[in-house]
Q: 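Dropping the structure in here first, questions after.
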Amino acid sequence: MAGRIPQQFIDELISRVDIVEVIDARVPLRKTGRDYTARCPFHEEKSPSFTVSPTKQFYHCFGCQAHGTAISFLMEYEHLDFIEAVRELAHKVGLEIPQSGPDTAPAAPNTEIYDLLEQAARLYRDQLREHPVAVDYLKQRGLTGAVAAEFAIGYAPPGWDTALQTLGKTGQAQQSLLEAGLLIKKDQGGYYDRFRHRIMFPIRDRRGRVIGFGGRVLDKDGTPKYLNSPETPVFHKGQELYGLYEAQQALRRIERLLVVEGYMDVVALAQNGIRYAVATLGTATTPEQVERLFRAAPELIFCFDGDRAGREAAWRAVEHTLPNLRDGRQARVIFLPEGDDPDSLVRREGREQFEQRIAQAVPISTFYYEGLLKQTDISSMEGRARLVELAKPILSKLSAGALRHMMIAKLAELTRIDINALSRMLAGHAAPVTASANSTTPRPARPPRSGLTPLRLGISLLLHAPHLASHAGNPQRWRELTTRGISLWINILELLQAAPHLTGSAILEHWRNTKQEQLLTELAMDDLAIPANGYEAEFLGIVQWLDSQLREQRWAYLHDKCQREGLSGDEKREFLTFGEP
């Protein structure tokens, strides 16, 4: 379900909206065969790689991998949240979003919290001008008034109640300040300011709204060095990045993003002309942050201190980044000299030399294998087997494509295992069921000819031609199959059989913000390499193959039970119906 708007409304909205019209109104499209093309609005490019499919109601850029439905496009292009994008499209086609009932009301916009956070940002900027000690600190760090103004840097004075007295003049205002993360509640009652005697860095969302703050101490011995806003209704630090909004405002197209660890690092790099730096918010890099970064730029460079803590942070970043790599995306890692951070280094070396360091960053695939090789001795068979087990959790998550093939090829080279056998191991394919010489087994149907597994091909066909669901019969008959992905296959079939008017993009909206969303998106982008007039035959072949798998699984169960405890009369008769292979 999409937030608190009924899915039925989203389905109707998607069926009425024409994604070509939505995008063409913002990015001029050119007809190219069955589809439309343009230069991608999400990254700089000289030749068009941005494609819009009127049949799939889906867009995809082969350069930066941006993709999605009409709702996704508005969210990315106009920097809207989901509710706002739905509202915009509904207005365009003359639909009214249902307003009645607790399950249909749009999510609360948190307007009061946003307003208070903006007021707090202005308050801290005013306080900076009134406190020379804070201004002097920023000057000592080499910052100019211009860059401080661009990043809206402020100062929270030492007192315990500056924000409380200025913004919290009523009980309701105090409660809202607490909810916004600006106050802390005392055990004995009352409130006090969370941020005191700190340089204040406002954190902005994709629309430029202040959603939280990072506060840095002025004293070397002060702790903690950085203090962030707590989790609030508008601030989730595992999903946000400091400086991304400012980078997008400064650069029309971002070719790469430098990911650093501190707010001051971002500002100092901007001061020295490096405008593509962003910072995580005091936590290890998360998958959500990585995906958001890749939506903004096709290349990421993670910049860490050269000490042990920096290398551990780099490893966590790599573990979350590799599964998000697809063809067209790149990521590298750079370590700074011990004792330096980007702030100190760029001030000492300057932009040109610092960017020379960036140019020497190591691809994360190289760093990944170097890290694994330190954990085992591949001179022995046992060590090489352990290397496979160490690599499997990440490699099994990689999307199909050239990178996955090359990563597996590298592992095959290191372990001296045939690449095809290794691919099967990583995919988790089980060995086939064996039987005694006198046993009979059902003859399996030929699986479909495709680079995809049969179920993935079947789901991809449904995304391209949803009407095929009517040829599947009752999907519940496959419920007992243990084939990977069978539940998603059944759920999509049941959805389309109940609502045959749905498009492929409507299917994607049903699985928005679920763990299956990425897989469905990749399958929607797949070209299939099957002519449209061959879709039905291929689909029926998959149905036949699944039925044969069901029959083979049932035979294996009866065969095993016969060996263990014997069969009932009905089971014996059923077993005999399988016949000779």
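This structure is a prediction, so every number in the text was calculated from the model and none was measured.
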Q: From S229 OG over to H236 NE2, what is the distance, rounded to the nearest 0.5 angstrom?
A: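 Between atom OG of S229 and atom NE2 of H236 there are 12.0 Å.
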Q: Would you check if the distance from the ring center of F367 to the ring center of F335 is below 6.0 Å?
A: yes
Q: Checking side-chain polar atoms at under 3.5 Å, does T503 have a donor or acceptor matched by the opposite partner on Q57?
A: no
Q: Before accepting this row, confirm whether a basic side-chain N of the pair E88/R26 lies closer than 4.0 Å to the acidic partner's carboxylate O.
A: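 Judged by the 4.0 Å cut-off on N to carboxylate O distance, E88 and R26 do form a salt bridge.
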Q: Tell me yes or no: between the side chains of Q518 and E522, is some donor less than 3.5 Å from an acceptor?
A: yes
Q: Is the shortest heavy-atom distance from the side chain of L117 to the side chain of R209 under 4.5 Å?
A: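 In short, these two side chains do not touch, never coming nearer than 4.5 Å.
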Q: Does the side chain of T280 pick up a donor-acceptor pair with the side chain of Q289 at under 3.5 Å?
A: no
Q: Does NE2 in H91 sit with more than 12 non-hydrogen atoms of other residues, nucleotides or ligands closer than 6.0 Å?
A: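 For H91, atom NE2 is not crowded (no more than 12 foreign heavy atoms under 6.0 Å).
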Q: Do the charged groups of E312 and R308 touch, with an N to O distance under 4.0 Å?
A: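 Between R308 and E312 there is a salt bridge, with a charged N closer than 4.0 Å to a carboxylate O.
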Q: Check whether the side chains of T321 and N324 place a donor and an acceptor atom closer than 3.5 Å, and report yes or no.
A: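 Note: T321 and N324 side chains miss the donor-acceptor criterion.
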Q: Angle class for the F302/F304 ring planes (parallel below 30°, perpendicular above 60°, tilted otherwise)?
A: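 Judged by the thresholds at 30° and 60°, the geometry between F302 and F304 is parallel.
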Q: Begin with the C-alpha distance, continue with both residues' side-chain angles, and end with the deciding distance and a verdict on side-chain contact (heavy atoms from CB on, under 4.5 Å) for F213 and Y124.
A: CA-CA 11 Å; F213 292 92; Y124 295 139; 3.8 Å; yes
Q: May I have the step-by-step check of side-chain contact (heavy atoms from CB on, under 4.5 Å) for V17 and K92, ending in yes or no?
A: CA-CA 8 Å; V17 166; K92 174 181 173 59; 5.6 Å; no
Q: Looking only at side-chain N and O atoms, does N228 offer a donor or acceptor that is under 3.5 Å from a partner on Y263?
A: yes
Q: Looking at E130, I'd like to know if its CD atom is crowded, meaning that more than 12 non-hydrogen atoms belonging to other residues, nucleotides or ligands lie closer than 6.0 Å.
A: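 For E130, atom CD is crowded (more than 12 foreign heavy atoms under 6.0 Å).
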Q: Do NZ/NE/NH1/NH2 and the carboxylate oxygens of R512 and E509 come within less than 4.0 Å?
A: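 Salt bridge: yes.
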Q: For the residue pair Q172 / T170, report whether a side-chain donor-acceptor contact shorter than 3.5 Å exists.
A: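 There is no such pair (donor and acceptor under 3.5 Å, judged by atom type) between the side chains of T170 and Q172.
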Q: Would Y191 and Q175 count as a side-chain contact (heavy atoms from CB on, under 4.5 Å) here? Give the steps.
A: CA-CA 9 Å; Y191 305 93; Q175 182 61 37; 3.6 Å; yes
Q: When rounded to the nearest 0.5 angstrom, what distance separates CG in L258 from CD1 in I358?
A: 4.5 Å
Q: Between R216 and F201, is NZ or CZ placed under 6.0 angstrom from the six-membered ring centre and within 45° of the ring axis?
A: no
